[in-house]
Amino acid sequence: MKHILSSDQFTREDLEEIIELTDKVRNNQKEYSHKLDDKIIAVMFYEPSTRTRLSFETAALKLGAKIITTENANVASSATKGETIEDTVKIISGYADAMVIRHRSDTSAVQAASVNKMPILNAGAGKGEHPSQSLLDIYTIKKKKGKIDGIKVAIVGDLKYGRTIHSLLRLLSLYDNIEVYGLSIDAFALPQEYIDMLKEKGIEYKTCNRFEELPRDIDVIYQTRIQTERFEGNFENAEFIIDQKVLDTFSKDTIILHPLPRVTEISPEIDDDPRACYFEQAHNGLFVRMVLLLKVFDRI
Ligand code: NCD
């Protein structure tokens, strides 16, 4: 059974194929519009979402599938009564053919898949992983930069709790001659396990505390929100805000990505700058998710 659980499951060849298929589906949408006519997709979100849930649902609908959905599963499902993820999957597999799940627990998607009743697509598991996001990030980088080997990437903001960063680093580690710069305050530094993982793959990781420490010709600045829902207490000076003044210190070829939602870490004044690619990035997610749904059913 095919699941989408972790960015670790992909090889470089898989990524190349997914990028190619995403373009194919995007440019021939009619051809795919009945591929999942016979499928029902359950969409279980135990944490808030705008893009991921609605783009997975739109992807399913565009492929002809039907959806059953709980957007507030942490309060609106039997989870409040103490039902385990495994039991929930056993039940839902009697109704649906695949399940997209977002949950606060790092192990949620793996637990759901362990039941082995239907394909599971991880739409965000705690601070651990968000594989479909990292695939759309890689797709966007490839489209904008034309290559991934040899690029310099800065990850900025909440490197500790940001699951999109954790999944993206796993995918970047499949490429050659990547340089990664981590810009955060110490309290939100990248956990050692990811620094070790990068090192093992021969990727140099440099810790920074100021925008000035990043190379001016950096290819990608991957900005993130401080994940306030994942820790107790307040934070101060944790954001490294990108405004026009900051952006203009970088090359005209540097692109700004963000998984969104943004709070204050990207000033809307840069939205119309051609280097601001986060809305395009979010839109790409729809087509990447269409490919993932087709893949788990072996229909592409
Ligand atoms: C991200 C997430 O949920 O991890 N959002 C998303 O899916 N695009 C990032 C975030 O919430 O900060």
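Counting starts at 1 for both ligands and their atoms, following the listed order. Computed over heavy atoms, backbone and side chain alike; hydrogens, waters and symmetry mates excluded.
- To the nearest 0.5 angstrom, Tyr139 atom OH is 11.0 Å from Leu21 atom CG.
- Not a single donor-acceptor pair under 3.5 Å links the side chain of Gln223 to the backbone N or O of Ile266.
- Every salt bridge (Lys or Arg N to Asp or Glu O under 4.0 Å) that Asp219 has, sequence neighbours left out, goes to Lys145.
- Judged by a 6.0 Å distance limit and a 45° cone about the ring axis, Arg216 is positioned over the six-membered ring of Phe250.
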Compile the donor-acceptor pairs under 3.5 Å between side chains in residues 182-189 and protein atoms, sequence neighbours left out, one pair per line.
residue: Ser184; atom: OG; partner: Phe188; partner atom: O; Å: 3.4

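- Partners of His283 under the ring pair (Phe, Tyr, Trp, His ring centres under 6.0 Å) rule, at least two apart in sequence or in another chain, are Phe287.
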Check each N or O atom of ligand 1 against all protein N or O atoms and list the pairs under 3.5 Å, with atom names and distances to 0.1 Å, one per line.
residue: ligand 1; atom: 3 (O); partner: Arg102; partner atom: NH1; Å: 3.4
residue: ligand 1; atom: 3 (O); partner: Arg102; partner atom: NH2; Å: 3.2
residue: ligand 1; atom: 3 (O); partner: Arg163; partner atom: NH2; Å: 2.8
residue: ligand 1; atom: 4 (O); partner: Arg163; partner atom: NE; Å: 2.8
residue: ligand 1; atom: 5 (N); partner: Leu260; partner atom: O; Å: 3.0
residue: ligand 1; atom: 7 (O); partner: Thr52; partner atom: OG1; Å: 2.9
residue: ligand 1; atom: 7 (O); partner: Arg102; partner atom: NH2; Å: 3.0
residue: ligand 1; atom: 7 (O); partner: His130; partner atom: NE2; Å: 2.8
residue: ligand 1; atom: 8 (N); partner: Gln133; partner atom: OE1; Å: 3.2
residue: ligand 1; atom: 8 (N); partner: Pro259; partner atom: O; Å: 2.8
residue: ligand 1; atom: 8 (N); partner: Leu260; partner atom: O; Å: 3.0
residue: ligand 1; atom: 11 (O); partner: Arg225; partner atom: NH2; Å: 2.8
residue: ligand 1; atom: 12 (O); partner: Arg225; partner atom: NE; Å: 2.8
residue: ligand 1; atom: 12 (O); partner: Arg225; partner atom: NH2; Å: 3.2
residue: ligand 1; atom: 12 (O); partner: Gln227; partner atom: NE2; Å: 2.8

